[in-house]
Amino acid sequence: MLKLPEPAELITAGDKEILVVTNADLRESANVPCWPVYQSFSEALEKELNAQGYKMKRAHPYHEDRKHGFISSQKEGSELFSRIDPDAPLIVLLTAWQYSHHIAPSLSKHRGPILLMANFDGTWPGLVGMLCMAGTLTSLGVSYSRLWSEKCEDDFFKQGLATWLKDGKLDQDTSYLSDVTADHPLMKSEAGQDGIKVGEYILKHKAILGLHDTFCMGMMNGFFPVKALSDIGMPLESLSQSALLVEMEKVPAELREACLKFYEDRGMQFQWGSDSATELTREQVLEQCAMMIAMARIVTRFGLTAVGVQYQQGLKDCCAASDFAEGAIGSTERFPIPDEDGSIICEGKPIPCINEVDMGTAIPQAMLFRLLDAMGLPSETTLHDVRWGSEYEGTFYWDFEISGAVPFEHIKGGIAGSKGYRQPAMFFPKGGSTIAGQGKAGTFVWARAHYEGTDVFMHIGTGMAHELPEAEWTRRSQATNAEWPLMNATLDGLGRDDLMAGHQSNHITIAYVPEDKLAYVLKAFVAQALTQGIKVKIAGTAKDML
Ligand SMILES: C[C@H](O)[C@@H](O)[C@@H](O)C(=O)CO
């Protein structure tokens, strides 16, 4: 006799009714403060749905005891979706950072139309969350539509919503992306030939990606199939955060102190306090110094090209945040880290650091490092969150803001221009310093890899970082997370709505490249990617440089 729980009553949508679900963080300390922004945006969306003759039906309630109404675990998401009519039209409204794995496996079985809807607002990483979910569903092969708006009052949004309501589908314009294939004439150019050599080098010698745990913050889009990584010559060395803790324990107190002194002597502006629950303390940064030293030792031990720490879940309750260690290890100007035999590890070179162990950035970061280093060019790389953006004097500037640290070389003024703030307690109970500051001006190559099946795709483009006037930079920094580094950027030949329409991730990879070398590096990088078997899409006007 088969015994399964009785099926619960289905949550259905009536005629002209749309179900709405909202997903967020696993950390309740983040969900509570994010709820008011959801509420006001959800009211604005409801108003427009009503204006278009539809009703909004929330598929799950506000939890009085938890002080928010977000889905906050995979367990909760799966249970909820077991009760949702699989054919109902569904809006996934995202206004805060969200763990895609809470609901993506359920969305992949949903048959009705799905609209991912983000508030284009910097207060919390809501649009960051939507882009993560979009990338995740693309990788899972799920059909969905996406839309975004600042206040649900603009025509672009209203028309997009009307189309989705009528057709159950909204195709955004992604014509800023063009395919580049291995028969492109660039492959025969000098730059192309250089790129082919670097690609072949990686295929032959491998670029090993050492990641301490995986699946950071539910980013299913950041966890690639092992075959995909192996096919492009960039296999995974799967490490454990517990091994990192063991390695950190071995770092003596004097070495931690010497490391911190190195940065203080060079003018890093740590914002010290005394209450470690909310302020930055020396103990927290000394722990981060031990983490960087441990990471570097693991790099040599395993022959890694790049290293990353999942950090957030698990380690956040054991030690200070990884950010200072991550930004500092990825810098060329770095405390000389002795291996246990006394030799200095990777002297004079950055060690590519893969924040949030996101394989979609590990691929372009490790590739760009190898290419730029081989060309004798600055080779520091980072990812940023696609956090927000707005116009200043008639031009739209992105706010690219990673949640903690970039290499010092990416900050105006380097080490002396960087401020170390305590990571916000709502995300990071054990504190730890960030490396914050204004992103320095300059041209760059940007990229993002994602997977479809076991194929690796990469979007590649060029752009320019701008040092906006201090008051404008401060406005943007304070409207987001002032503790984190903020770069203002324009992307060549594509605007806000292009990237929002076609980007497959919450993250974007950046490597500064001198302007007179930009076209050469771009061509070489595209050739390198094609050689490694990656399917390339070039973005905006970067294609004119090929
Ligand atoms: C602390 C936050 O959760 C951030 O870590 C989050 O917005 C991200 O970085 C997403 O990439």
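Along the sequence shown, residues are numbered consecutively beginning with 1. Start at 1 and go down the list; that is how both ligands and their atoms are numbered.
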Novice: Which protein heavy atom lies closest to atom 9 (O) of ligand 1, and at what distance to 0.1 Å?
Specialist: Glu356 OE2, 2.7 Å
Novice: Run the contact test for Met219 against ligand 1 with a 4.0 Å cut-off on heavy atoms, strictly below, and give the result.
Specialist: yes
Novice: Can any side-chain N or O of Arg422 pair as donor or acceptor with the backbone N or O of Glu483 at less than 3.5 Å?
Specialist: no
Novice: Establish, from distance only, whether the side-chain atoms of Ser42 and Arg58 form a donor-acceptor pair under 3.5 Å.
Specialist: no
Novice: Working to the nearest 0.5 angstrom, can you tell me the gap between Phe224 CZ and Met234 CE?
Specialist: 10.5 Å
Novice: Can a non-hydrogen atom of Tyr99 be found less than 4.0 Å from any atom of ligand 1?
Specialist: no
Novice: Can a salt bridge be assigned to the pair Glu150 and Arg496 using a cut-off of 4.0 Å between side-chain N and carboxylate O?
Specialist: yes
Novice: Would you confirm whether Thr22, through its side chain, and Leu93, through its main-chain N or O, come within 3.5 Å as a donor-acceptor pair?
Specialist: yes
Novice: Just jot down the ligand 1 atoms closer than 4.0 angstrom to any heavy atom of Pro125, in number order.
Specialist: 7 (O)
Novice: Do side-chain atoms of Gln284 reach the backbone of Ser276 as a donor and acceptor pair under 3.5 angstrom?
Specialist: yes
Novice: In terms of residue, atom name and distance, what is the protein heavy atom nearest to atom 8 (C) of ligand 1?
Specialist: Asp385 OD2, 3.3 Å
Novice: Short list, please: which atoms of ligand 1 are under 4.0 Å from a heavy atom of Asn506?
Specialist: 10 (C), 11 (O)
Novice: Number the atoms of ligand 1 from 1 as they appear, then name those within less than 4.0 Å of a heavy atom of His507, with their elements.
Specialist: 11 (O)
Novice: Which bit of Trp484 is near ligand 1, meaning a heavy atom under 4.0 Å away: side chain, backbone, both or neither?
Specialist: side chain
Novice: Just let me know how Arg27 lines up against ligand 1, side chain, backbone, both or neither, with a heavy-atom cut-off below 4.0 Å.
Specialist: side chain
Novice: Hey, is Arg476 close enough to Glu472 for a salt bridge, meaning N to O under 4.0 Å?
Specialist: yes
Novice: Near Met217, which atoms of ligand 1 are under 4.0 Å from a heavy atom of that residue?
Specialist: 3 (O), 5 (O), 6 (C), 8 (C), 9 (O), 10 (C)
Novice: Going by the order shown, which atoms of ligand 1 are within less than 4.0 Å of some heavy atom of Gln312?
Specialist: 5 (O)
Novice: Using a strict 4.0 Å cut-off to heavy atoms of Ser403, name the atoms of ligand 1 that fall inside it.
Specialist: 4 (C), 5 (O), 9 (O)
Novice: CD of Gln312 to CZ of Arg27: how many Å apart, nearest 0.5 Å?
Specialist: 4.5 Å
